[in-house]
Amino acid sequence: MRKSFAGVKALQGVDLVVRPGEVHCVLGQNGAGKSTLIKTLSGAYQPDSGEIFWQGEPITIGGPVAALELGIATMYQELDVVDGLTIAENVFLGHEQATGGLLHVASANARTEQILSRLGHGEISPRMEVGQLSAANKQIVSMARALSRDTRLIIMDEPSAVLDSQEVENLFRVVAELTAQGIAVVYISHRLAEIRRIGDRITVIKDGKSMANGLSVADTSTPELIRLMTGRDVANVFPAATPIAADAPVVLACHRLGVRGVFSNVSLEVRAGEVVGLAGLVGSGRSEILEAIYGARRSTSGTVTVNGTVLRAGSVEAAVSAGIGLSPEERKSQGLILDEPIFKNVTLSSFGRFARGGFLNERRERQAAREQIEALELRPADPDLVTRTLSGGNQQKILLARWLVHGTAVLLLDEPTRGVDVGARAEIYGLIRRLAEAGTAIIVVSSEIDEVLGLADRVLVISDGAVLTTTNSNEIDEPGVLDLVMRGSAA
Amino acid sequence: VVGLITGCTAGGATTNTQPTNASVEGNEAQGDTITIGYSGPAADHGWLGAINNAAIAEADKYDDVDLRIAEGTNDANLQISQVETFINDKVDAIVLLPTDGAALTQVAIRAMEAGIPVINVDREFSSTFAARATILGDNYGMGVSAGTYICEELGDNPDAVVAEIAGIDSLPLTQERSAGFAKALSDCGLSVTNRVSADFTVAGGEATTSQLLAAAPQIDALWNHDDDQGIGVLAAIDAAGRDEFIMVGGAGSANAMRLIQADDSVMKATVVYPSTQAADGIRLARLLVQEKAMSDLVEVEIPNRIVLNAPVVTSENVEKYLPTAFES
Amino acid sequence: MSEQITQAAPPIPQAHVSPPGRLKRTLGGSVGRNLGLVIAFALLILVGTLTAGDRFASVDNFVTIIRFASIVGVVCVGMTFVITAGGIDLSVGSVVGLSSVVASLTAVQLASAQSSWLLIVVVALAVGTLAGFVNGVVIAYGGVVAFMATLAMLVGARGLAELISNRSTQIVNNQEFLSFFRADLLGVPILIWIFLIVAVAGWVLLNRTTFGRRTVAVGGNAEASRLAGIKVKRHMVYVYMLSGLTAGIAGVMFLGRTTVGTSTHGTLLELDVIAAVVVGGTLLIGGRGTIVGSVLGILIFSTLTNVFTQNNLSTSVQNVAKGVIIVVAVLLQQRFASRGSRSK
Amino acid sequence: MSEQITQAAPPIPQAHVSPPGRLKRTLGGSVGRNLGLVIAFALLILVGTLTAGDRFASVDNFVTIIRFASIVGVVCVGMTFVITAGGIDLSVGSVVGLSSVVASLTAVQLASAQSSWLLIVVVALAVGTLAGFVNGVVIAYGGVVAFMATLAMLVGARGLAELISNRSTQIVNNQEFLSFFRADLLGVPILIWIFLIVAVAGWVLLNRTTFGRRTVAVGGNAEASRLAGIKVKRHMVYVYMLSGLTAGIAGVMFLGRTTVGTSTHGTLLELDVIAAVVVGGTLLIGGRGTIVGSVLGILIFSTLTNVFTQNNLSTSVQNVAKGVIIVVAVLLQQRFASRGSRSK
Ligand SMILES: Nc1ncnc2c1ncn2[C@@H]1O[C@H](COP(=O)(O)OP(=O)(O)OP(=O)(O)O)[C@@H](O)[C@H]1O
Ligand SMILES: Nc1ncnc2c1ncn2[C@@H]1O[C@H](COP(=O)(O)OP(=O)(O)OP(=O)(O)O)[C@@H](O)[C@H]1O
Ligand SMILES: [Mg+2]
Ligand SMILES: [Mg+2]
C-alpha cells in the first residue's frame with residue numbers, strides 16, 4: 001500500500017506509506033496538516049496535486065463514498081455523529097440495511113449490538129439516541145461505524161482526546177484486534193505516550209510537509225520526535241512549582257457547592273499563587289464544578305466566595321466582575337467567535353473598558369490585544385487576523401490573553417491543552433506557572449492525569465460528582481489517582 | 001376645445017338644453033393625446049382584476065389616450081409613491097382607486113395642487129379637495145339592497161337565521177356593506193345571526209363557509225359580499241349538501257348571474273357592484289382633460305360625484321345585467 | 001439562525017444513561033414528545049364543547065375540521081421533511097397557487113377532457129415538483145440560504161401564477177375530476193383520505209426508509225452526513241422536490257374543493273404550515289422531525305378556527321388568540337419534549 | 001437553520017493569510033463587501049435611464065424613490081441588528097400597523113391636541129418598543145425560537161391592531177403633526193431626513209459602540225459571549241426592542257405620509273425588510289451585519305419598483321423579476337463578500 005501526494009495549501013508535499021496490519025502514527029503540531037491529509041484520503045477534500053496508490057494501483061478518491069468503497073474508514077477529529085439518530089442508525093448511515101429503501105431496523109440493531117460488544121460496550125443499547133450520549137460514547141459510535149464496513153484501513157484522528165484512561169485502554173485493545181486481522185490503522189494523537197504504546201511506525205508532518213517517513217517507534221526517541229515536529233528542542237516537562245507563601249491569602253473559596261443531580265458538597269479553597277487541579281474520569285463532573293463556580297451554571301446549594309465576597313449564584317457577570325475568568329472546555333463552540341478578528345476575541349470580556357460613553361476606541365483595544373498576544377508569542381501575532389485560521393494551540397492562547405487583558409484573580413482552565421501539540425503545550429504550561437507566580441489563583445481540569453499532577457500544587461480527585469480526596473500533587477502519582485477513582489466509583 | 005367655448009357662451013342666457021359638444025359622437029372624436037396615470041390596489045381577486053382589465057380596455061379604445069398603469073398594491077406607502085411618480089411626470093390626469101381612501105388623500109391633493117385632475121374611484125378620499133370627480137360604487141347601498149331583498153324573501157319570519165360572509169374585514173368598504181345590511185335587516189326585525197369574514201379569495205370563501213355551515217346547522221338566508229369568493233362559498237355549500245336557504249351574492253360576476261339564470265342552486269340573487277368604475281374613471285378623465293362634457297347630461301362640465309347604483313339581480317332581470325357582468 | 005439563544009444553555013452530557021426500556025421509550029418517544037400537543041388539543045376540544053355544545057362535538061363538525069385541515073396538512077407533511085433536513089420552504093403557498101393555475105389552464109382542461117381527468121392531477125404535481133426542484137438546486141448547488149431562495153420563489157411563483165392566469169379565476173369544468181374530489185369513501189370525504197394517505201406515507205418515509213433517516217442525518221449534521229457518504233446536495237434537492245410535490249397535491253385539492261384555479265390559492269399558507277410543523281415539535285434547526293406532531297399541530301389550528309367560528313368571534317380575536325397559542329404551544333412542546341428525551 | 005448546506009461545502013483552508021494592510025482592509029471591508037450591490041444598483045439605474053429616460057433620471061424621481069424607501073429603510077436598520085445578533089423578527093410589519101393604530105386613537109389625538117403633537121410620536125415609539133420587548137423576553141427568557149415567537153407576534157399584533165381600531169381607518173387631525181411630516185428641510189423631505197438619521201445612528205451604534213460589538217458577538221457565538229461575561233439574554237431583549245422601536249418610527253412615518261392609522265399599514269413589510277437586509281449582506285446566521293448594505297438593499301428594491309412603474313409593467317412581472325433578482329443578488333453578494341474577507 002502506498003499513498004503519496006503533495007498539494008493543498010495546507011499540504012505542500014506529504015508522503016505517507018501505510019502497510020497492512022500496522023499502526024501508523026501521524027505526528028505534527030497543530031495546524032501541521034494532519035487532519036487535512038486524512039481528509040484527502042477519506043475523500044472529504046480533493047488534493048490539488050499528487051498521487052494516491054492503493055494496493056499498488058494509482059487511484060483517485062472522488063468523494064467519501066469512493067473512499068468507503070475502497071475500504072478506507074475514518075473517525076474524524078470533529079465528532080461526526082448525528083444527534084437525532086439512534087446509535088444503529090448512525091452506524092449504518094450511508095449504507096443502511098434496507099431493501100428498496102425500506103429499513104431493516106431489527107437487523108441493523110442486532111448487528112450494531114454485535115459491534116458494540118466487540119468494542120467492549122455491550123451494555124449500550126443500539127436504539128439509544130446519540131444525542132443522549134457522552135462525548136466518549138459518541139467516539140465509540142464513531143468507531144463502531146468504522147467497523148461496520150468492510151475496511152482495510154481505519155484512520156483515527158485524535159480518538160483519545162475525549163476519552164479517559166480507561167476508555168483509552170479499551171481503544172488500544174480494539175486497535176490491537178484490528179491489526180491482528182491485517183487491517184491497517186492510521187493513528188493521530190498529540191499524546192506521545194500513547195504513540196509509544198501502540199504505534200509501529202511514525203510519520204511526522206510539519207507545516208504541511210513530511211519531515212520523516214515511517215520511522216520505527218521503537219528506534220526513535222521522544223526528544224527526537226519533538227525536534228522533528230517543532231524544529232527545536234522542547235523540554236516536555238512541567239515547569240517547577242515555586243512554593244506558595246504560607247501567608248498567601250485565600251482568593252477563591254467554595255463552600256458545600258452543589259448542582260442538583262450533578263455534583264454536591266464540593267468545598268475547596270485556592271490561595272493566591274496556587275494551582276489546584278481537578279482529576280477524575282470523563283463525566284465525573286469536573287467541568288460542571290468550574291461552570292458552577294463561574295456562574296455559568298446555577299448552583300443549587302452552597303456558596304462561592306472571592307476575596308471574601310459571596311457571589312450571586314448563576315451570574316457570570318458577577319463572577320467576571322469579581323475577577324474570575326474561565327477558559328471553557330470546548331474552545332470553538334464555547335470560547336471563540338471564529339469569524340471575528342483575534343483582537344475582538346481577546347477583548348471580548350473587557351471591551352467596555354476601551355469605550356467612553358459606549359463608544360469604542362478600537363485603536364486602544366487593538367493595542368492592548370497586541371501587547372498580550374506578543375507576550376504569549378501567538379503565531380502569527382496579528383490582531384486583525386480572523387480567528388478561525390489559527391491552530392488549536394494558538395486559539396487556546398487567545399483565551400488566556402482574554403483574561404490577561406481583563407485581569408483576573410482567579411482563572412479556571414478546563415482542558416487547556418486539549419488537542420494542543422507538544423510545543424504549544426509546553427508554552428501553555430509555562431504560562432500557567434507564570435500567572436500563578438504573579439499571584440493568580442488557578443484551577444485546572446484535565447483528562448490527562450499526568451498533566452494535572454505536573455501542573456498543580458494540590459489535586460482534588462473527583463468521582464461521580466463528589467470530592468474523594470485532596471492531596472498535594474507530589475504525594476500522589478497517576479496509578480494512585482486511578483486507584484482512588486476506581487474505588488470511588490465502585491463504592 | 002373650441003366646442004366648449006361656444007358651448008359656454010351659447011349656454012349663457014338661453015334655455016337651450018342641448019350643449020353642442022356633449023354628443024356621443026363629439027365625445028368619441030379624437031382629441032389631443034393625453035396621458036392618464038392609473039393606480040389601483042393589487043388585483044388579487046376577480047373584481048379588482050376586472051376593474052383593472054376594464055380600465056385598460058377602455059384606454060385602448062382611444063387613440064388619444066396614453067395610459068400609464070401602476071396597478072397592484074395594497075401598500076399605501078407604495079401607492080403614494082406611484083402617484084408621486086405620476087406627478088413628477090406631469091401626466092394630464094390621474095385615475096386613482098386607492099387602497100385606502102383616507103391614506104391617499106394627501107397625495108391626491110398634491111396632485112390637484114400641481115394642476116393634475118384626479119378622478120377618485122370606488123374608495124372615497126377624506127377631503128373633497130382631493131378629487132375633481134368621484135365615481136363610487138355604493139357599498140352601504142349594496143348592504144341595503146341585499147338586506148331588503150332578504151327581508152322580502154323571508155317575509156315575516158322573525159326567527160329566521162341570517163348569515164353573512166363578509167370580505168376582508170379590515171377594509172372600510174366591508175364595514176360599510178355590513179352596516180347597510182344590518183340596517184336593512186333591522187327594518188324588518190331581523191339581524192345577522194352568524195357572521196364570518198373571508199378574504200375575497202375563493203379558497204378563503206370556501207374555508208370560512210365550511211366552518212360557518214358547521215356552526216349554523218339551519219340557515220334561512222345567506223349574504224355573501226363577493227361573488228368571487230362566492231365560488232368557494234358555493235363549493236362549500238355543495239360539499240356540505242345544504243340547500244335549505246337562499247343565498248344572495250355581491251359584486252355581480254357573470255358566473256353568479258349564470259347561476260341565478262339557471263335557477264337550480266341556492267344562489268337566488270346578487271347585488272351589483274359595478275366593475276366598470278375605473279373604466280368610467282378613464283373615460284371621465286379623458287373628457288375632463290379634453291374639456292368635453294358628459295353626453296346625456298345638460299351640464300357642460302363633468303359632475304363632481306357619481307354614485308353608481310347597487311341593483312339586485314334576480315332570475316327575472318338577469319338578462320339585462322349579464323352582458324356587463326365581469327368574468328371572474 | 002435564531003437558535004443561538006436556546007443553545008446558550010450548556011448542553012447536558014449524560015455519560016452513563018442506562019438504555020430505557022422499550023415501553024418507556026415508546027412513551028417517552030411518541031406520546032411523551034407530543035404530550036404537550038395532546039394536552040393542548042384536548043383543552044381546545046373541551047373549550048369547544050363547553051362553549052358550543054353539540055354543535056361542536058358532532059361527527060359532522062369533526063369532519064369539517066379535518067377536511068379544513070387536510071389541504072394545509074398535506075403541505076405540512078412536505079414541510080416537515082424540509083425543516084427536518086435543516087431547511088425552510090417559504091414558497092409553498094405560492095407554489096400551491098401556481099400549480100392550481102397551471103393545472104386549470106384551458107389547454108390542460110381541454111386535453112384532460114380528451115384523455116383523463118388524471119391529467120389535471122399530473123400537471124399540478126409536476127408543476128409543484130418542478131418548483132421544488134428549482135428551490136433545491138438554488139439552495140443546494142447555488143449555496144443560497146434557504147430562507148432567501150424560497151422567499152424569492154414565494155414572490156416569483158405568485159407573480160408567475162398571476163401572469164399565467166391573467167389574474168382571472170379559472171373554473172374547472174371536468175365533471176369527473178370534480179365529482180372525484182367531492183365524493184366520500186366509506187363515509188369519509190376524499191380530501192381527508194388524501195391527507196391520511198399523504199400523512200401515513202410521510203410517516204413511513206421519514207421513519208422507516210433510508211430516505212427519511214438521511215433527511216434526519218442531513219438536518220442534524222450535514223458535514224457528518226457528507227462524510228458518511230450521503231450525497232447531501234442531491235438529497236436536499238429531493239427534499240425540496242418533495243415539499244413542492246405536496247404543494248402540488250394541495251393545489252389539486254384546492255382545485256377539487258373550490259372548483260377553480262387562481263393565483264390567490266394558498267396565500268400566506270406558508271405561515272400556517274411552518275407554525276403547525278414547529279408547534280408540532282419539528283426542530284427549526286433541523287435534525288428532528290415528527291409527522292405525528294405536524295398533523296396534531298395543524299389539527300389544533302383548524303380546531304381553533306372552528307371553535308372561534310362556532311362562537312361567532314371575529315378573525316381579529318382569533319389572530320390574537322392564535323399568537324398566544326403559538327407561543328404557549330412551543331413552550332409546552334419544549335417542556336415535554338425535553339422531558340421525553342433531550343432535544344436542542 | 002438552512003445554513004447547513006452552505007456549510008457542507010468543504011471549508012477552504014487558508015493556511016497562510018497575510019494580514020491585509022489598513023487601506024486594503026477598508027476597501028475589502030466596505031466597498032468590496034458591497035461591490036455586488038453597488039454593481040446591481042448601477043445596472044438598475046442604467047436600465048431605468050435607458051428605458052424611461054428623463055422621467056427616470058430626474059431629481060424629483062430620485063426623491064420619490066428614496067422617500068418610498070425611507071419607511072421600509074428605517075425598519076431595515078432595526079432588522080439589521082436583530083439578524084446580526086442571530087435572530088429574526090417577522091413581526092415588524094404588524095408592529096408598524098399596531099403602532100400607527102394606537103398612536104392615532106381618538107384619545108391620543110385629543111391628548112395631543114391639548115399638549116403637543118410629539119405625544120403621537122411618543123406613543124407610536126412606545127408601542128413599537130413594547131412589542132419588541134415582548135418578543136425579546138419570549139425569545140431570550142422563554143427560549144422560544146425567534147422565528148416562532150415573532151411569527152406569533154406577527155399574527156397577534158395584527159389582530160390586536162384590528163381590534164383596537166375596530167378595523168376602521170383613523171384619520172389624524174393634528175395639523176402640526178401633519179405639517180411637520182409634510183415639510184421639507186433644505187429641500188429634502190422630512191421622511192428622508194428621518195431615514196438618514198436612523199441609518200447613520202444605526203451605523204454608529206453597530207460599528208462604533210459597545211452595544212454594536214455585543215450584538216455582533218452574540219450573533220457570532222452566543223455561548224462564547226455568555227461565557228465571556230456578556231449578558232446575552234438581556235442584550236437580545238434590547239436588540240428586539242430596537243427593532244420594535246424602528247417599527248414604531250415607521251408607524252409614525254406611515255401616519256405622517258398617509259395621514260391615517262390603520263391595521264393594514266405594514267402588511268407583508270417583513271418580507272421586503274428581511275430580503276433587503278440579507279441581500280445587503282447581513283448573514284442570516286448572525287455574526288455579521290452591515291447597515292450600508294441594508295440601505296443599499298432597500299434602495300435597490302425601491303428603484304426596481306420605480307423602474308417597473310415607469311415602464312408600465314404589472315406587479316406580476318415585477319414579482320417574477322424580484323424573485324430572480326433576490327437570488328442573483330444573494331449569489332453576487334456571496335461572491336464578493338467571500339472575496340473581501342472570509343465569511344462562514
Ligand atoms: N476551514 C479552514 N479554514 C482555513 N484554514 C484552515 C481550515 N481548516 C484547516 N485550515 C488550516 O490548514 C492547516 C492544517 O490544518 P489541519 O486541521 O490539517 O491541522 P492538524 O494538523 O490536524 O492540527 P490539529 O492538531 O490542531 O488537529 C492549518 O494551518 C489550518 O489553520
Ligand atoms: N443538567 C444535568 N442534569 C443531569 N445530569 C447532568 C447535567 N449536567 C451534567 N450532568 C452529568 O454530570 C456528569 C458530569 O459531566 P461532564 O462530562 O461535564 O464531566 P467532566 O468531568 O467535566 O467530564 P469531561 O472530561 O467530559 O469534561 C455527567 O455524568 C453528566 O451526565
Ligand atoms: Mg487535526
Ligand atoms: Mg469536562
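Protein chains get the first letters and strands the later ones, always in sequence-line order, with residue 1 at the start of each.
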Please state whether the side chain, the backbone, both or neither of B:Asn77 comes within less than 4.5 Å of a heavy atom of chain D.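 Both backbone and side chain.
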
What part of B:Ile87 gets closer than 4.5 Å to chain D, counting heavy atoms only: side chain, backbone, both or neither?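 It is neither, since no heavy atom gets under 4.5 Å.
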
Quick one: do the B:Asn88 and D:Thr64 side chains pair a donor with an acceptor below 3.5 Å?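 Yes, because at least one side-chain N or O of B:Asn88 sits under 3.5 Å from a partner of the opposite role on D:Thr64.
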
side-chain contact (heavy atoms from CB on, under 4.5 Å) assessment of D:Thr258 paired with B:Gln106: CA-CA 7 Å; D:Thr258 67; B:Gln106 286 305 327; over 6 Å; no

Working to the nearest 0.5 angstrom, can you tell me the gap between [X] [atom1] and [Y] [atom2]?
X: B:Ile109; Y: D:Arg182; atom1: CD1; atom2: CZ; result: 7.0 Å
X: B:Glu84; Y: D:Ile65; atom1: CD; atom2: CD1; result: 11.0 Å
X: D:Ser58; Y: B:Asp89; atom1: OG; atom2: CG; result: 7.5 Å
X: D:Thr264; Y: B:Ile168; atom1: OG1; atom2: CD1; result: 9.5 Å

Heavy-atom cut-off 4.5 Å, strictly under: side chain, backbone, both or neither for [X] against chain B?
X: D:Phe254; value: side chain
X: D:Gln310; value: both
X: D:Asn306; value: side chain
X: D:Ser165; value: neither
X: D:Thr267; value: neither

Closest non-hydrogen atom pair between B:Ser81 and D:Arg257, with its separation: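 B:Ser81 and D:Arg257 have their closest heavy atoms at N-NH2, 3.3 Å.
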
Do you know the tightest heavy-atom contact between B:Ala102 and D:Thr259?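 Scanning both residues, the minimum pair turns out to be O-OG1, 3.5 Å.
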
Do D:Arg55 and B:Arg68 pass the side-chain contact (heavy atoms from CB on, under 4.5 Å) test, and can you show the C-alpha distance, the side-chain angles, and the key distance before you say yes or no? CA-CA 13 Å; D:Arg55 264 188 299 130; B:Arg68 299 273 317 281; 3.2 Å; yes

B:Phe129 atom CZ, over 12 foreign heavy atoms within 6.0 Å: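 Atom CZ in B:Phe129 is not packed in, count stays at 12 or less.
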
